[in-house]
Amino acid sequence: MAKKVYTCFCTDVIHEGHLNILQKAAAYGEVYVGVLSDAAMVGFNRFPTISLEQRMEIVRQTGLVKDVLVQQDVMYDHILEELKPDYVVHGDNWTEGPEKVIRDNVIDNLAKTGGQLIEIPYTCNENVKRIDDQMREKLAMPEFRRKRLRQLIGIRPIVKALEVHSGLTGLIAEKTVVESSGRPDQFDAMWISSLCDSTAKGKPDIELVDMSSRIRTIDDVMDVTTKPIILDGDTGGLIEHFVYNVRTLERMGVSAVIIEDKTGLKKNSLFGTEVEQTQDSIENFCAKISAGKRALRTEEFMIIARIESLILERGMEDALERAMAYTEAGADGIMIHSRRKQPDEIVDFCRRFRRKDTKTPIVVVPTSFNSITEEELAEAGVNIVIYANQLTRSAFPAMQNTAVQILRNHRALEVDSALMPFKDIIRLIDEI
């Protein structure tokens, strides 16, 4: 009886590296190939650009496989329990880093059935690199990138977005992967914050940084990343201006814009009632949402309405009334904000909103109420959590301390142990 050999692919294209794996695997027996499901691919930081059926077909067309299966999870527990292969064949590129936890999972499962792991030297040459680069460039194209946030909401239990304000911070959001609860974890999307973008430019957060400048930041981030972008659109400005900005963002490949229901000179929401802030009327803000929706050329771009009622202490009923009105006006999501340290107010809103509306995505920004976990937010009905300013807030004290230490010691030796080696930064940046 022929031995069973299993390997798994997470790819939209078959190149010589994959063919090498299949050819080596065939020497051990009949080859079964697992193709990661859409949800599993997203969890593996490889958003699919073709359908699952198409990915399975390109494997069949190699003529080197006995059967093609769907692997529903990045971890191998279920597929190995079902197939019970004699061998698992994989490239040797997972012996270190976050993917090592997947390798350990395979070894543990094979130990239960007496199977063996065979590791093939990873194929790395100019042709493979060129194909990988082309796939990454395809993922960054507007037509693929723009729709990705909607797709993520349908796939992920909760979408995690991290604040970015430059190409470098975009790379951090794009490439940071950790082991969490025995599996790889990462951010799903990026948030370009008005506050952090203004701060990076040394400007106050009063909508002084205009949209043309914000677009340059978006371009910098888009040029080196592939994950979906959510833009902080402040109040959205005049309706006549908002419709043009929406079209520009949609054309660029941004996935969503969040606009807040305030008017006049912008003051950061975390000041609450400490400064004078004026909330827009429901009628006027609904008109802005509706005008933005009419201006769109695709069904992919999302306009998300941010409600300031709790920030301005207008009460829960006002917040819920506005949420239902904004949804009726066409809002693709509702963001609810709070200054309170405890999450009770946010959780209460989410649960009450969900009794009336089970589908419209809810977005939260747990800056003040930061003790609540993503799992607890998901249980309350939240779809997107935005970590809206943590990179900026962590960078500033580190840079300021470095400057102080150099001044005090009249040299850089004392700060060196706190600095990342420049070669590690260079590795983060891909060369063309």
Side-chain angles (χ1 to χ4, degrees), residues 1-125 127-132 134-136 138-139 155 182-184:
M1 183 176 177
K3 300 282 187 179
K4 286 184 180 179
V5 187
Y6 182 72
T7 188
C8 180
F9 287 162
C10 175
T11 183
D12 289 348
V13 62
I14 298 295
H15 56 55
E16 60 187 276
H18 301 110
L19 293 174
N20 181 51
I21 291 284
L22 293 176
Q23 289 162 355
K24 296 288 176 60
Y28 293 91
E30 293 180 334
V31 181
Y32 295 77
V33 176
V35 173
L36 283 185
S37 66
D38 288 354
M41 279 191 74
V42 170
F44 199 64
N45 197 20
R46 299 285 180 86
F47 213 100
T49 61
I50 59 176
S51 70
L52 174 62
E53 291 73 20
Q54 288 172 313
R55 298 199 299 278
M56 296 176 74
E57 183 59 27
I58 62 174
V59 175
R60 292 190 191 99
Q61 288 177 359
T62 64
L64 296 170
V65 302
K66 171 75 172 178
D67 198 8
V68 181
L69 313 171
V70 178
Q71 183 169 320
Q72 297 287 356
D73 191 79
V74 293
M75 310 309 277
Y76 283 57
D77 303 75
H78 297 302
I79 196 76
L80 295 188
E81 181 181 357
E82 177 184 328
L83 189 63
K84 293 183 174 55
D86 300 285
Y87 302 99
V88 169
V89 177
H90 196 282
D92 63 358
N93 57 320
W94 64 348
T95 58
E96 295 179 345
E99 290 182 33
K100 184 178 182 298
V101 67
I102 303 175
R103 179 179 186 267
D104 293 342
N105 173 266
V106 170
I107 292 172
D108 290 345
N109 278 285
L110 287 174
K112 298 174 186 176
T113 59
Q116 182 181 348
L117 174 62
I118 306 293
E119 292 177 312
I120 308 298
Y122 184 71
T123 303
C124 186
N125 56 40
N127 188 47
V128 170
K129 183 180 182 302
R130 179 179 56 80
I131 294 172
D132 287 343
Q134 287 174 345
M135 290 305 302
R136 188 161 51 248
K138 185 177 180 181
L139 284 170
I155 291 173
R183 60 193 305 115

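Source: prediction; values computed, not measured.
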Full working for side-chain contact (heavy atoms from CB on, under 4.5 Å) between Ile14 and Phe9: CA-CA 9 Å; Ile14 298 295; Phe9 287 162; 4.0 Å; yes
Gln61, CD: over 12 other non-hydrogen atoms inside 6.0 angstrom: yes
Closest heavy-atom contact between [X] and [Y]?
X      : Y      : result
Val101 : Gly182 : CG2-O, 3.2 Å
Pro85  : Leu110 : O-CD2, 4.3 Å
Val128 : Glu16  : CG2-CG, 3.6 Å
Ala25  : Val89  : CB-CG2, 3.9 Å
Thr62  : Val65  : OG1-CG1, 4.2 Å
Tyr122 : Asp92  : N-OD1, 2.9 Å

Out of curiosity, [X] [atom1] to [Y] [atom2], how far, rounded to the nearest 0.5 Å?
X      : Y      : atom1 : atom2 : result
Ile107 : Gln116 : CD1   : CD    : 11.0 Å
Asp77  : Gln71  : CG    : CD    : 9.5 Å
Leu139 : Gln134 : CG    : CD    : 12.5 Å
Ile102 : His90  : CD1   : NE2   : 7.0 Å
Leu117 : Tyr76  : CG    : OH    : 9.0 Å
Ile120 : Asn93  : CD1   : CG    : 11.5 Å

Counting distance only, does the side-chain N/O of [X] pair as donor-acceptor with the main-chain N or O of [Y] below 3.5 Å?
X     : Y     : answer
Arg55 : Leu36 : yes
Lys84 : Glu81 : yes
Asp67 : Tyr32 : no

Test side chain to side chain donor-acceptor pair (under 3.5 Å) applied to Lys3 - qualifying residues, sequence neighbours left out: none
Lys138/Asp12 under salt bridge (Lys or Arg N to Asp or Glu O under 4.0 Å): CA gap, chis, key distance, verdict: CA-CA 11 Å; Lys138 185 177 180 181; Asp12 289 348; 5.8 Å; no
Partners meeting ring pair (Phe, Tyr, Trp, His ring centres under 6.0 Å) with His78 (sequence neighbours left out): none
Residue among Thr7, Val106, Ile79 satisfying side-chain contact (heavy atoms from CB on, under 4.5 Å) with Val88: Val106
From Asp104, Asn105, Leu80, residue fulfilling side-chain contact (heavy atoms from CB on, under 4.5 Å) relative to Met75: Asn105
Note, Arg183 side chain near Asp73 side chain (heavy atom, < 4.5 Å): yes
side-chain contact (heavy atoms from CB on, under 4.5 Å) evaluation trace for Asn109 with Lys112: CA-CA 5 Å; Asn109 278 285; Lys112 298 174 186 176; 3.7 Å; yes
Check against side-chain contact (heavy atoms from CB on, under 4.5 Å), Asn127 and His15: CA-CA 9 Å; Asn127 188 47; His15 56 55; 5.6 Å; no
Leu64/Val31 under side-chain contact (heavy atoms from CB on, under 4.5 Å): CA gap, chis, key distance, verdict: CA-CA 7 Å; Leu64 296 170; Val31 181; over 6 Å; no
